[in-house]
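First up is the structure itself, then whatever we jot down about it.
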Amino acid sequence: PFAFELLVLDGDLAADGVALGRHGYIVVPAGAGCPALVAGSEPVRVWIDFIADVGEALVVPGGEDGWTASGGLVPGPPPGLTRKPLRAHLGVSCAFLIRIPAGWREDRVEWHDCAEAALCLDGDLWNVRAHGGTGGTMLRGSYFWRPKHILHSPTGSDTGCELFVSVDGE
């Protein structure tokens, strides 16, 4: 009965016969039926988030299809990043994967008109304003949720990183 999204972190999982692979994604709106999930012979590790702003069911296999440079996806993004949209269209309530190259840094301080959540899938991402201004570094498995209108950045990555990000608006 609840809306949820699921991201495959490790292992083989199929949804209604579609192989998802690493970073495959499923989203199910409230009241909709869940696809039939079948795991491979090895353990499967997933991230599940129960969310309320989902309008349609989706099954998105992992892989290299759908990755694009950030330039045309969201107005004014920092150069050097690539994104893969997963849920809806960027610019509205959505979810996407983002890759940040090693040595990348963004010195602009910014805020958004939406809440933002991120799960670090690989690598590191540091932020000077994290933890109320004391700073911090996300590593694999780290998660944050930030309400709208909270200043953040400067930020960067020493080793490069991949994140799963969801926002609740533009």
Side-chain angles (χ1 to χ4, degrees), residues 1-70 72-74 77-78 80-102 104 112 114-127 130 136-146 155 157-169:
F2 300 104
F4 73 92
E5 59 188 345
L6 177 150
L7 183 74
V8 177
L9 301 177
D10 297 301
D12 294 320
L13 184 67
D16 284 342
V18 176
L20 294 176
R22 186 168 186 257
H23 300 164
Y25 176 77
I26 300 168
V27 62
V28 177
C34 182
L37 301 176
V38 178
S41 60
E42 299 296 318
V44 177
R45 194 168 61 104
V46 299
W47 166 262
I48 298 175
D49 194 10
F50 293 99
I51 54 178
D53 58 354
V54 175
E56 65 180 312
L58 293 171
V59 175
V60 181
E64 293 305 310
D65 291 342
W67 285 93
T68 58
S70 58
L73 298 176
V74 175
L81 307 183
T82 54
R83 292 188 175 105
K84 180 179 182 176
L86 297 173
R87 173 171 43 91
H89 303 286
L90 296 177
V92 297
S93 175
C94 65
F96 54 93
L97 297 173
I98 188 166
R99 287 181 178 156
I100 299 171
W104 177 84
H112 307 292
C114 60
E116 178 182 20
L119 173 67
C120 185
L121 302 172
D122 288 303
D124 74 284
L125 181 70
W126 52 264
N127 190 299
T137 300
M138 293 179 69
L139 300 172
R140 184 178 181 186
S142 298
Y143 173 83
F144 80 79
W145 177 84
R146 177 175 36 237
T155 191
S157 179
D158 296 326
T159 64
C161 116
E162 190 165 295
L163 300 169
F164 169 71
V165 179
S166 62
V167 298
D168 67 358

* Asked: Okay, side chain of Ser166, backbone of Cys94: is any donor-acceptor separation there less than 3.5 Å?
  -> no
* Structure fact -> Output for pair (Leu121 CG, Ser142 OG), nearest 0.5 Å, gives 10.5 Å
* Structure fact -> The salt bridge (Lys or Arg N to Asp or Glu O under 4.0 Å) partners of Asp10 (sequence neighbours excluded) come to Arg45, Arg140
* To do: Would you sort out whether Val59 and Asp16 count as a side-chain contact (heavy atoms from CB on, under 4.5 Å), showing the intermediate values?
  => CA-CA 9 Å; Val59 175; Asp16 284 342; 5.7 Å; no
* **Closest non-hydrogen atom pair between Ala117 and Trp145, with its separation** => CB-CD1, 4.0 Å
Scan the side chains in residues 33-43 for donor-acceptor partners under 3.5 Å anywhere in the protein, sequence neighbours excluded, and list what turns up.
none

* **Over all atoms of both residues, closest heavy-atom pair of Asp12 and Val44** => O-CG2, 3.1 Å
* Side chain proximity check, Lys84 to His23, heavy atoms < 4.5 angstrom -> no
* To do: Using a cut-off of 6.0 Å, state whether more than 12 heavy atoms not belonging to Phe2 lie near its atom CZ.
  => no
* Structure fact -> One should read off an interatomic distance between Tyr143 OH and Phe164 CZ, to the nearest 0.5 angstrom, of 9.0 Å
* To do: Taking the side chain as every heavy atom from C-beta outward, state whether Arg87 and Val54 have any pair of such atoms under 4.5 Å apart.
  => yes
* **Rounded distance [0.5 Å steps], CG in Leu163 versus CG in Leu125** => 5.5 Å
* **Non-hydrogen atoms of Pro101 and Gly80 that approach each other most closely** => CD-O, 3.3 Å
* Residues that Thr159 engages under side-chain hydrogen bond (donor to acceptor under 3.5 Å, both in side chains), provided they are two or more places apart -> Asp124
* Which heavy atom in Val167 sits nearest to a heavy atom in Cys114, and how many Å separate them? -> CB-SG, 3.8 Å
* **For Arg146, all residues meeting salt bridge (Lys or Arg N to Asp or Glu O under 4.0 Å), sequence neighbours excluded** => Glu116
* Can you name the closest pair of heavy atoms from Cys161 and Ser157 and give their distance? -> N-OG, 3.7 Å
* Can you tell me how far the CH2 atom of Trp47 sits from the CG atom of Leu6, to the nearest 0.5 Å? -> 11.0 Å
* Determine whether Leu97 and Pro85 make a side-chain contact, defined as any pair of heavy atoms from C-beta on separated by less than 4.5 Å. => no
* To do: Using side-chain hydrogen bond (donor to acceptor under 3.5 Å, both in side chains) as the criterion, list what pairs up with Glu56, not counting sequence neighbours.
  => none
* **Under the ring pair (Phe, Tyr, Trp, His ring centres under 6.0 Å) test, residues paired with Phe4 that sit two or more places apart** => none
* Measuring from Ile26:CD1 to Ile48:CD1, what's the distance to the nearest 0.5 Å? -> 9.0 Å
* **Leu7 side, atom CG; Leu20 side, atom CG - distance, nearest 0.5 Å** => 9.5 Å
